[in-house]
S.K.: 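First the structure, then my questions, so here it is.
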Amino acid sequence: MQRFHLGLSQNRTLMMDSSAPNTPSFQNTPDSNITTNTLSPKPYKKSFVTTLMEAATLRTPSFKEDNYFVSLLRPSERKALQELKEKLKASIDSKNGENDGAVMWGIPLLGGDDRADVILLKFLRARDFRVADALTMLLKCLQWRKDFGAETIVDEDLGFKELEGVIAYMQGYDKEGHPVCYNAYGVFRDKEMYERIFGDEEKLKKFLRWRVQVLERGIKLLHFKAGGVNSLIQVTDLKDMPKRELRVASNHILSLFQDNYPEMVARKIFINVPWYFSMLYSMFSPFLTQRTKSKFVISKEGNAAETLYKFIRPEDIPVQYGGLNRPSDLQNGPPKPASDFTVKGGEKVNIQIEGIEAGATITWDIVVGGWDLEYSAEFVPNAEGSYTIAVEKPRKVMASEEAIHNSYTSKEPGKMVLSVDNTSSRRKKVAAYRYVVRKSSSTM
């Protein structure tokens, strides 16, 4: 059972038993040389840019995803769904008399498959349940998917190995089970890379095909089931993104996705957002529907981890964004669960992992979003008179550094203490860690 005893002491210790799951129990440990109150940061005046960022981020209520239960639809919506089915069947029959062409993501839209209701409702909601408009959109999408070969594109080798895991990629899930797609285009600031990918019309077409392939792979993970997971999360990193150079590609991608993938994104999270983006968003926001705005989450540069932790578990967040997920970890199955916590401004947190036996090896990962604080690790033997071993000497961890991964094999029983010292900062930071202790084979 977790025990929370968070008082006003400047030092805080997270007590862990090496034999238990790494879920933290908090215990205060006041230092006799420090006052019992946390350092109180001086109040500061918000800048104009900060005010804009907060306005863009906090103004809109969070998006509530539809559950797609037909029984919960309004009578008018249920009628629209039935009408759309009838009009779609009539349109297909008038063309070839067969329903083979009315298939999306391997799901026949006609014939009574419950999964088809989810797809049809997406098109209806995208057009505010205007049946004629939804039908037009649906028929155009079916034709595009046939011409583009979208149903089989996931199996194609498009030759973009260098972009996988860098530009656009599926990685992990959010806390509600939505697959997460990350997008980062900062690499295209390199002119040579830009020319290699977007140098001419044919290269652009090939890139767009690859980008659709990434999205289609994500959609394969959806349930298309009432009450299930029926949409993705998009995380877009705007750091170093070359706006002018990518304008053509961005417009093509947006147009393709808006026309052919309605209601496929539950939330759009923008991270490392420059100040001018927030100004533009504030200007255009009044022209967006409430439903569209409710899907947006905007996070200024340096706040990526703090924002992502609200929606995604740290073990599912890539290390470059303050998480613990490395691409190489995925080869060993699902990511190992982590514990997250906060480090207040003016606070030092000690994570004590007790019960480590002689000969056991402890392996740990730890990260603090936007580090810029001091970190250390030491092993404290149980025996009186034994010396504490500095496994990792205290050092300043830079803001750009990723999660720390290390291990230590003990020669005697004791505990491992991981420390993060934020006493020189007034900013609260999110953090996470996980560990595993393997006993020596000779003691088993």
Side-chain angles (χ1 to χ4, degrees), residues 41 44-60 62 165-169 171-172 174 180-190 193-194 233-247 249-250 254 265 267-285 293 295-312 314 316-325 340 342-345 367-373 375 396-403 420 422 424-432:
Y44 63 97
K45 188 176 181 180
K46 293 180 182 179
S47 67
F48 173 67
V49 173
T50 300
T51 304
L52 277 174
M53 293 296 302
E54 291 182 351
T57 305
L58 302 177
R59 165 183 351 184
T60 308
S62 180
V166 178
I167 305 300
Y169 53 97
Q171 185 166 326
D174 77 347
V180 182
C181 181
Y182 291 88
N183 305 276
Y185 297 101
V187 67
F188 291 124
R189 285 179 68 89
D190 183 302
M193 171 69 84
Y194 176 84
I233 299 294
Q234 289 268 10
V235 177
T236 300
D237 183 359
L238 297 183
K239 186 175 183 179
D240 296 330
M241 180 176 173
K243 302 176 294 299
R244 187 176 303 170
E245 294 86 342
L246 286 181
R247 185 175 297 152
S250 297
L254 286 173
V265 178
R267 183 173 283 113
K268 298 179 181 181
I269 304 174
F270 296 91
I271 57 176
N272 293 318
V273 174
W275 65 270
Y276 57 80
F277 182 93
S278 295
M279 288 186 64
L280 291 172
Y281 179 76
S282 297
M283 290 168 58
F284 288 106
S285 180
K293 287 190 291 184
K295 294 183 180 183
F296 289 176
V297 177
I298 298 176
S299 174
K300 64 182 179 181
E301 192 165 358
N303 277 18
E306 182 181 346
T307 299
L308 294 177
Y309 273 47
K310 294 175 182 176
F311 306 103
I312 307 170
D316 280 319
I317 298 173
V319 287
Q320 63 267 34
Y321 298 131
L324 296 173
N325 196 320
D340 59 299
T342 57
V343 187
K344 298 176 183 176
V367 67
V368 178
W371 288 92
D372 196 24
L373 47 67
Y375 160 78
K396 179 74 172 289
V397 184
M398 298 294 104
S400 59
E401 291 191 49
E402 296 178 352
V420 286
N422 197 35
S424 62
S425 171
R426 64 184 184 182
R427 180 182 173 187
K428 182 175 72 172
K429 299 171 183 177
V430 295

S.K.: Do the non-hydrogen side-chain atoms of V180 and D316 ever get within less than 4.5 Å of each other?
M.R.: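 V180 does not reach D316 side chain to side chain.
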S.K.: Where do Q171 and Y182 come nearest, in terms of heavy atoms and distance?
M.R.: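 The pair with the smallest heavy-atom distance is O-CE1, 3.5 Å.
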S.K.: Is there a donor-acceptor pair under 3.5 Å between the side chain of E401 and the backbone N or O of M398?
M.R.: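 Between the backbone of M398 and the side chain of E401 there is a qualifying donor-acceptor contact (under 3.5 Å).
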S.K.: Which pair of heavy atoms, one from A305 and one from G369, lies closest together, and at what distance?
M.R.: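 What the structure gives for the nearest pair is CB-CA, 3.7 Å.
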S.K.: Going by the rule ring-ring contact (aromatic ring centres under 6.0 Å, His included), which residues pair with F270 if we only count those two or more places apart in sequence or in a different chain?
M.R.: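 Per chain and number, F270 pairs via ring-ring contact (aromatic ring centres under 6.0 Å, His included) with F277, F296.
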S.K.: Is any side-chain heavy atom of I233 closer than 4.5 Å to a side-chain heavy atom of I269?
M.R.: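 Counting from C-beta outward, I233 and I269 do come under 4.5 Å.
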S.K.: Ring-plane angle category for Y194 and F188, please: parallel below 30°, perpendicular beyond 60°, tilted otherwise.
M.R.: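 Y194 vs F188 ring planes: perpendicular.
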S.K.: Where is the tightest heavy-atom contact between M241 and S250, given as atom of each residue plus distance?
M.R.: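 Looking at all heavy atoms of both residues, the shortest contact is CE-OG, 3.9 Å.
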S.K.: So do the side chains of V319 and V367 get within less than 4.5 Å of each other, counting heavy atoms only?
M.R.: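 V319 does not reach V367 side chain to side chain.
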S.K.: Sequence neighbours left out, what passes salt bridge (charged side-chain N to carboxylate O under 4.0 Å, His left out) with K428? Give chain and number order.
M.R.: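 Not a single residue meets the salt bridge (charged side-chain N to carboxylate O under 4.0 Å, His left out) criterion with K428.
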S.K.: With side chains defined as the heavy atoms from C-beta onward, is the minimum distance between Y169 and P318 less than 4.5 Å?
M.R.: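 The answer is yes, as the side chains (C-beta and beyond) meet within the 4.5 Å cut-off.
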S.K.: Got a sec, which residues hit side chain to side chain donor-acceptor pair (under 3.5 Å) with D237, two or more places apart in sequence or on another chain?
M.R.: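 Counting only residues at least two positions away or on another chain, D237 forms a side chain to side chain donor-acceptor pair (under 3.5 Å) with N272, Y321.
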S.K.: To the nearest 0.5 Å, tell me how far L373 CG sits from K396 NZ.
M.R.: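 Rounded to the nearest 0.5 Å, the CG-NZ separation comes out at 8.0 Å.
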S.K.: If you compare all heavy atoms of V368 against all heavy atoms of K429, which two are closest, and at what distance to 0.1 Å?
M.R.: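 Minimum heavy-atom contact is CG1-CB, 3.7 Å.
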S.K.: Identify the heavy atoms of G323 and A403 that sit nearest to each other, and give their distance.
M.R.: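 Heavy atoms of G323 and A403 come nearest at O-CB, 3.7 Å.
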S.K.: Rounded to the nearest 0.5 Å, what separates atom CG in N303 from atom CD1 in I298?
M.R.: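 Answer rounded to 0.5 Å: 13.0 Å.
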S.K.: How long is the span from the CD atom in Q320 to the NZ atom in K239, to the nearest 0.5 Å?
M.R.: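 Interatomic distance, Q320 CD to K239 NZ, rounded to 0.5 Å: 11.0 Å.
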S.K.: How long is the span from the CG atom in N183 to the CD1 atom in I271, to the nearest 0.5 Å?
M.R.: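 The CD1 atom of I271 is 10.0 Å from CG of N183, to the nearest 0.5 Å.
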S.K.: Checking Y309 side chain against G322 main chain: does a donor-acceptor pair fall under 3.5 Å?
M.R.: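 Yes, Y309 side chain to G322 backbone: donor-acceptor pair under 3.5 Å.
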